[in-house]
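See structure below.
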Amino acid sequence: MTNEPLASGLYIVATPIGNLGDITLRAIDILTRCDAVACEDTRVTAKLLRHLGLHKPLWRYDDHSSEEDRNRLLEAMRSRSVALVSDAGTPLISDPGYRLVRMARETGIPITSLPGPSAAIVAMTLSGLPNDRFLFAGFLPNKDKARADTLAELARIPATLIFYESAQRLVKTLDAIGEALPGREIAVARELTKLHEECRTGTPSALAAHYTSHPPKGEIVLMIAPPGEDAADENDIDALLLAAMQQDKPSQAAAQVAKATGHDRKALYARAMELKTQGQS
Ligand code: SAM
């Protein structure tokens, strides 16, 4: 580390998501040497800077910032070094900054991004779900229909799905996943890097039951295993097929269960026919 002034430009700085010990040496260095810090909530960032023994001009930048605010900030970056932080974790990841970075790039302002904590990555590594491919999908929509449509859109993607979620909405979301993807393995990671950190896995219905009787507190990342990695065992699959066959023909039942679980439709159809024959004998 040096005390040299920083070159002008934009520095994207990840900050801890709970445990202050997770700040990187490089983040401390840039926050120490920058001319100003652009942040979502000046009170939150002032607290972090106080913890580091720093005092810097704080410029508010959030989703409500206007084009004019952005232009003013970009103009400042031509002659000064500006660190961009969010309240916690990596800026831009379900946090403000995308437009600012895009415009900085378009107008030739130097940009540096410092890696650091992000709840999505901490949750993914903790969950034990397949991580060779994952898709971060931010927050699910609030409205029932939009949420169901998003889940249907993502259902067949061969990757672990990662969402940010709130404690108040968790059970409702698990119920919606239970309807759209009943057999899938789910992981709920809560209060990451904090005192009450936990990660629970199970089917959507088992987790919904747990969190109904133990209402969750704090911050949450919810993950859905890829199709074919279901928590549903063969008995669950049979139950899903039998339930579907009460309304529909075996071919349609197999198609529905294939959509929900990601299992092979032909294999499900064969099993549906076996179950039908067993039921008739
Ligand atoms: N940019 C941040 C990041 O990189 O993780 C995320 C910001 S987003 C507005 C906030 C959401 O991230 C929370 O609602 C929660 O879903 C998730 N989150 C943040 N900190 C968390 C933590 N310590 N444990 C679990 N989830 C967390």
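Note that ligands are numbered from 1 as they come in the structure, with each ligand's atoms numbered from 1 the same way. Treat the numbers as computed from the prediction; the structure is a model and nothing was measured.
Listed by number with element, the atoms of ligand 1 under 4.0 Å from a non-hydrogen atom of Phe139 are 11 (C), 14 (O). The atoms of ligand 1 that sit less than 4.0 Å from any heavy atom of Thr90 are 1 (N), 3 (C), 4 (O). Interface atoms of ligand 1 facing Gly89, defined by a heavy-atom separation under 4.0 Å, are 3 (C), 4 (O). Heavy-atom contacts of Lys194 reach the following atoms of ligand 1: 23 (N) (cutoff under 4.0 Å). Those atoms of ligand 1 that come under 4.0 Å of a heavy atom in Ala88, given as number and element, are 1 (N), 2 (C). Each of the atoms 24 (N), 25 (C) of ligand 1 lies under 4.0 Å from some heavy atom of Glu191. Residue contact check: Tyr164 has heavy atoms under 4.0 Å from atoms 3 (C), 4 (O), 5 (O), 6 (C), 8 (S), 11 (C), 12 (O), 16 (O), 17 (C) of ligand 1.
Considering every non-hydrogen atom in both Ala88 and Thr15, the closest pair reads CA-OG1, 3.7 Å. Of all heavy-atom pairs spanning Asp248 and Ala253, the tightest one is CB-N, 4.3 Å. Of all the heavy atoms in Pro117 and Pro16, the pair that sits closest is CG-CA, 3.9 Å. A pairwise comparison of heavy atoms in Pro91 and Val85 identifies CG-CA, 3.9 Å as the closest pair. For the residue pair Ile17 and Ala119, the shortest heavy atom distance occurs at CD1-CA, 3.8 Å. In terms of heavy-atom proximity, Tyr61 sits nearest to Arg99 at OH-CB, 4.3 Å.
A donor-acceptor pair is defined here as one N or O able to donate and one able to accept, closer than 3.5 Å; no such pair exists between the side chain of Lys56 and the backbone of Asp35.
Note on ligand 1: Thr193 sits outside its first shell, no heavy atom being nearer than 4.0 Å.
Scanning the protein heavy atoms around atom 20 (N) of ligand 1, the nearest turns out to be Glu219 OE1, 3.2 Å. With respect to atom 24 (N) of ligand 1, the closest heavy atom belonging to the protein is Leu192 N, 2.9 Å. The protein heavy atom nearest to atom 7 (C) of ligand 1 is Asp95 OD2, 3.2 Å. Atom 8 (S) of ligand 1 has its closest protein heavy atom at Ser94 O, 3.7 Å. The protein atom (non-hydrogen) at minimum distance from atom 4 (O) of ligand 1 is Ser118 OG, 2.7 Å.
In the candidate list Ala189, Pro91, Ala119, Gly218, Ala119 is nearest to atom 5 (O) of ligand 1, counting heavy atoms. Of the candidates Ile17, Leu170, Leu126, it is Ile17 that places a heavy atom closest to atom 23 (N) of ligand 1.
Proximity of Ile220 to ligand 1, defined as any heavy-atom pair under 4.0 Å, is confined to the backbone N, CA, C and O atoms.
Within the 4.5 Å cutoff, the side chain of Met103 has heavy atoms near those of the Arg70 side chain. Two residues are said to be in side-chain contact when any heavy atoms from C-beta on lie closer than 4.5 Å; Phe163 and Leu161 meet this criterion.
Taking CD1 from Ile121 and CG from Leu126, the interatomic distance works out to 12.5 Å, rounded to the nearest 0.5 Å.
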